[in-house]
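Have a look at the structure below, then the notes.
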Amino acid sequence: MAKLWFKFQRYVRRKPVRFFTFLVLYLTAGSLVFLHAGFVGQPAVPQNQASAAAIAAAAAAAGAPAEGAELPFLEDWHLGRGFRDAGETLSLARRYGHGPWFKGKDGMERAKLGDYGGGAWSRALKGRAVREKEEERAKYIGCYLDNTQSRALRGVSFFDYKKMTVFRCQDNCAERGYLYAGLEFGAECYCGHKIQAANVSEAECDMECKGERGSLCGGANRLSVYRLQLAQESARRYGSAVFRGCFRRPGNLSLALPVTAAMPNMSVDKCVDFCTEKEYPLAALAGTECHCGFPTTRFPLHEREDEQLCAQKCSAEEFESCGTPSYFIVYQTQVQDNRCMDRRFLPAKSKQLIALASFPGAGNTWARHLIELATGFYTGSYYFDGSLYNKGFKGERDHWRSGRTICIKTHESGQKEIEAFDAAILLIRNPYKALMAEFNRKYGGHIGFAAHAHWKGKEWPEFVRNYAPWWATHTLDWLKFGKKVLVVHFEDLKRDLFAQLGRMVRLLGVAAREDRLLCVESQKDGNFKRSGLRKLEYDPYTADMQRTIQAYIKLVDAALRGRNLTGVPEDYYPR
């Protein structure tokens with residue numbers, strides 16, 4: 001062997017060019033391996049062969065019926081398995097896909113334009129059901145003048161010169177909480193809260209939408225404008241302010257809203273600006289009076305009234321309502337409600353470890369944000385994520401057994417890991433939404449998005465095959481091995497944050513102050529909410545995937561009901 005090595009060295013010394021050739025080939029091979037690892041990544045969930053009979057038995061032990069437990073993907077999944085195997089050497093960070101991901105030039109350009117299968121979506125729009133949905137959520141109000149120096153709609157805008165559709169523009173503006181959506185030049189979409197331009201002849205909006213034949217998307221410097229019927233009126237924005245709704249005048253006005261100003265020429269801008277200047281988070285319009293204050297038990301903003309009761313036009317506004325002396329239109333200003341912003345570590349080491357357990361993509365980071373605001377104490381983590389630490393989750397760096405944090409984030413689902421905790425909040429989310437959220441996080445970061453190539457390539461089917469069964473087994477394991485488990489559905493937390501967060505705080509052993517919970521409601525989004533502007537415009541789930549996931553949903557629903565708990569929300573199915 002030594003003789004061969006000596007001959008090789010002498011050969012290379014005599015021919016330096018050959019040496020450099022070998023070096024270049026070596027570096028090239030290493031680079032290719034590195035790039036391949038970046039694109040393909042480590043398998044998020046290791047494969048493990050387990051019999052369907054074992055799965056059915058475990059499901060039955062968790063409270064689900066054994067019959068009908070033959071699920072297409074579960075033969076590759078072991079129910080009692082923890083997140084880490086004894087033979088694994090990869091770090092959790094790499095396993096979760098926190099490593100670098102490389103995007104090609106074409107992928108970046110497609111992401112910028114929001115190119116997510118618009119052709120298929122355009123064809124789907126021609127269906128009757130989708131058109132009925134469009135008519136329900138938006139009303140066409142006319143063609144309006146527009147120019148680049150002074151836009152008619154001055155909110156968010158985006159463009160797609162290949163696949164713009166009327167519904168796409170409406171959907172994106174509604175997602176951002178705007179009241180109006182306007183399409184221009186066949187491919188441009190503008191959002192806003194009021195139309196600041198004149199109405200023109202319908203004949204001037206004559207350009208066909210780039211992604212939808214037969215539909216008009218404005219013209220040259222002309223907007224086809226729709227008024228949106230927002231599904232979530234509380235998400236409506238007015239400039240930098242957020243619309244909260246129409247509310248009855250509180251009983252003791254001077255205590256509920258301590259600052260008042262008369263405004264004969266009332267407008268939303270004037271009242272919002274006034275309350276912002278006075279450093280109050282709420283601006284309440286009452287005809288010709290503007291009131292400012294905080295959400296409190298005297299004015300909690302929980303009993304919304306029909307908006308028509310507040311439909312008195314502003315004296316200085318053509319399109320907006322300014323409320324009445326009896327019914328107030330309320331906006332949330334950009335002033336931060338600091339009553340719930342203080343956070344610290346526990347003053348004394350906790351005697352019990354409480355898990356905040358969830359399947360990845362189920363909203364664990366958002367729930368941590370809510371808990372920290374509601375309790376004033378940092379949450380911890382079974383792992384370490386530098387990006388979360390840098391965004392203010394200071395408990396991220398503590399060891400999960402330190403006892404200094406109010407609860408500990410975990411995605412673990414093995415018996416040993418679960419039994420290490422004294423109690424748990426189990427957060428469950430619709431698997432269709434959770435899988436897509438985790439796929440976006442895995443390939444795009446906490447607030448980024450997976451590229452079009454990932455959705456259309458082999459990554460998405462492989463991801464669903466590996467992760468979908470874990471969604472079911474994660475819940476079943478916590479129901480089976482957890483000592484004291486509080487089940488919270490992500491959808492219920494979004495719909496009724498005040499009540500659900502109160503339940504979570506009580507399990508954590510902290511007195512739930514109502515004013516602090518009301519403050520959390522106004523600060524609920526946090527720093528890790530994805531924009532709706534780049535959401536997929538087609539359903540990535542095949543028929544086979546849907547049948548499989550539906551079986552898992554039924555299994556989890558049966559397990560919950562078997563323990564006298566509320567089953568999964570109705571919107572989990574049908575698809």
Side-chain angles (χ1 to χ4, degrees), residues 82-84 91-93 95-96 98 338-414 416-429 441 446 474 477-478 481-488 490 493 497 500-513 516-517 519-520 523-528:
F83 192 81
R84 290 171 291 184
S91 70
L92 287 165
R95 182 169 196 160
Y96 266 142
H98 289 297
N338 289 317
R339 296 175 299 166
C340 59
M341 298 307 293
D342 59 301
R343 288 171 294 169
R344 58 196 176 99
F345 289 103
L346 293 174
K349 186 174 180 179
S350 176
K351 295 181 180 179
Q352 61 176 355
L353 295 173
I354 301 178
L356 177 61
S358 74
F359 174 79
N364 200 301
T365 301
W366 180 53
R368 290 178 67 184
H369 166 75
L370 298 176
I371 289 171
E372 291 194 359
L373 295 186
T375 64
F377 297 114
Y378 289 122
T379 58
S381 177
Y382 197 78
Y383 324 103
F384 171 73
D385 187 327
S387 65
L388 294 181
Y389 178 83
N390 293 334
K391 287 290 186 179
F393 290 95
K394 299 303 180 184
E396 190 77 13
R397 208 172 248 183
D398 267 38
H399 188 274
W400 66 279
R401 285 187 178 274
S402 71
R404 298 205 306 159
T405 53
I406 191 73
C407 63
I408 298 100
K409 162 192 172 178
T410 180
H411 299 309
E412 301 296 313
S413 56
K416 180 181 177 182
E417 289 81 1
I418 292 172
E419 291 179 346
F421 293 97
D422 301 294
I425 297 169
L426 176 59
L427 189 63
I428 304 174
R429 186 182 186 184
R441 191 212 60 77
H446 281 287
H474 183 276
D477 274 6
W478 278 93
F481 301 119
K483 298 173 185 176
K484 181 181 179 182
V485 179
L486 172 68
V487 174
V488 176
F490 175 88
L493 187 59
L497 186 145
Q500 296 298 324
L501 188 55
R503 294 175 63 221
M504 295 162 70
V505 170
R506 285 192 290 274
L507 179 76
L508 296 172
V510 178
R513 285 172 36 206
R516 189 164 186 122
L517 292 176
C519 170
V520 176
Q523 312 283 343
K524 62 183 179 181
D525 283 349
N527 295 321
F528 292 93

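Since we're looking at a predicted model, the values are computed, not measured.
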Write down the atom of [X], the atom of [Y], and the distance for their closest heavy-atom approach.
{"X": "Ala374", "Y": "Val505", "answer": "CB-CG2, 3.8 Å"}
{"X": "Ala367", "Y": "Met504", "answer": "CB-CE, 4.4 Å"}
{"X": "Pro347", "Y": "Phe377", "answer": "CD-CE2, 3.8 Å"}
{"X": "Cys407", "Y": "Ile371", "answer": "SG-CD1, 4.1 Å"}
{"X": "Trp478", "Y": "Ala424", "answer": "CZ3-CB, 3.5 Å"}
{"X": "Val487", "Y": "Arg503", "answer": "O-NH2, 3.4 Å"}

- Query: Would you find more than 12 non-hydrogen atoms of other residues, nucleotides or ligands less than 6.0 Å from Lys483 atom NZ?
  - Reply: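 Enclosed.
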To the nearest 0.5 Å, tell me how far [X] [atom1] sits from [Y] [atom2].
{"X": "Phe393", "Y": "Thr405", "atom1": "CZ", "atom2": "OG1", "value": "12.5 Å"}
{"X": "Met341", "Y": "Arg516", "atom1": "CE", "atom2": "CZ", "value": "9.5 Å"}
{"X": "Arg339", "Y": "Leu373", "atom1": "CZ", "atom2": "CG", "value": "12.0 Å"}
{"X": "Ser358", "Y": "Ile425", "atom1": "OG", "atom2": "CD1", "value": "11.0 Å"}
{"X": "Leu426", "Y": "Phe359", "atom1": "CG", "atom2": "CZ", "value": "12.5 Å"}
{"X": "Ile354", "Y": "Leu508", "atom1": "CD1", "atom2": "CG", "value": "5.0 Å"}

- Has Lys409 got its NZ or CZ under 6.0 Å from the middle of the six-membered ring of Tyr382, at an angle within 45 degrees of the ring axis?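 Negative - Lys409 is either too far from the ring of Tyr382 or too far off its axis.
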Could you tell me if the side chain of [Y] sits less than 4.5 Å from the side chain of [X], heavy atoms only?
{"X": "Arg506", "Y": "Leu486", "answer": "no"}
{"X": "Tyr383", "Y": "Glu412", "answer": "yes"}
{"X": "Lys484", "Y": "Gln352", "answer": "no"}
{"X": "Trp400", "Y": "Thr410", "answer": "no"}

With a 3.5 Å distance limit and no angle check, can you tell me whether [X] reaches the backbone of [Y] through a side-chain donor-acceptor pair?
{"X": "Asp342", "Y": "Gly376", "result": "no"}
{"X": "Glu372", "Y": "Thr379", "result": "yes"}
{"X": "Arg397", "Y": "Tyr389", "result": "no"}

- May I have the step-by-step check of side-chain contact (heavy atoms from CB on, under 4.5 Å) for Thr365 and Asp385, ending in yes or no? CA-CA 11 Å; Thr365 301; Asp385 187 327; over 6 Å; no
- Counterpart residues, ring pair (Phe, Tyr, Trp, His ring centres under 6.0 Å), relative to Phe345 (two or more places apart):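 Ring pair (Phe, Tyr, Trp, His ring centres under 6.0 Å) list for Phe345, sorted by chain: Tyr378.
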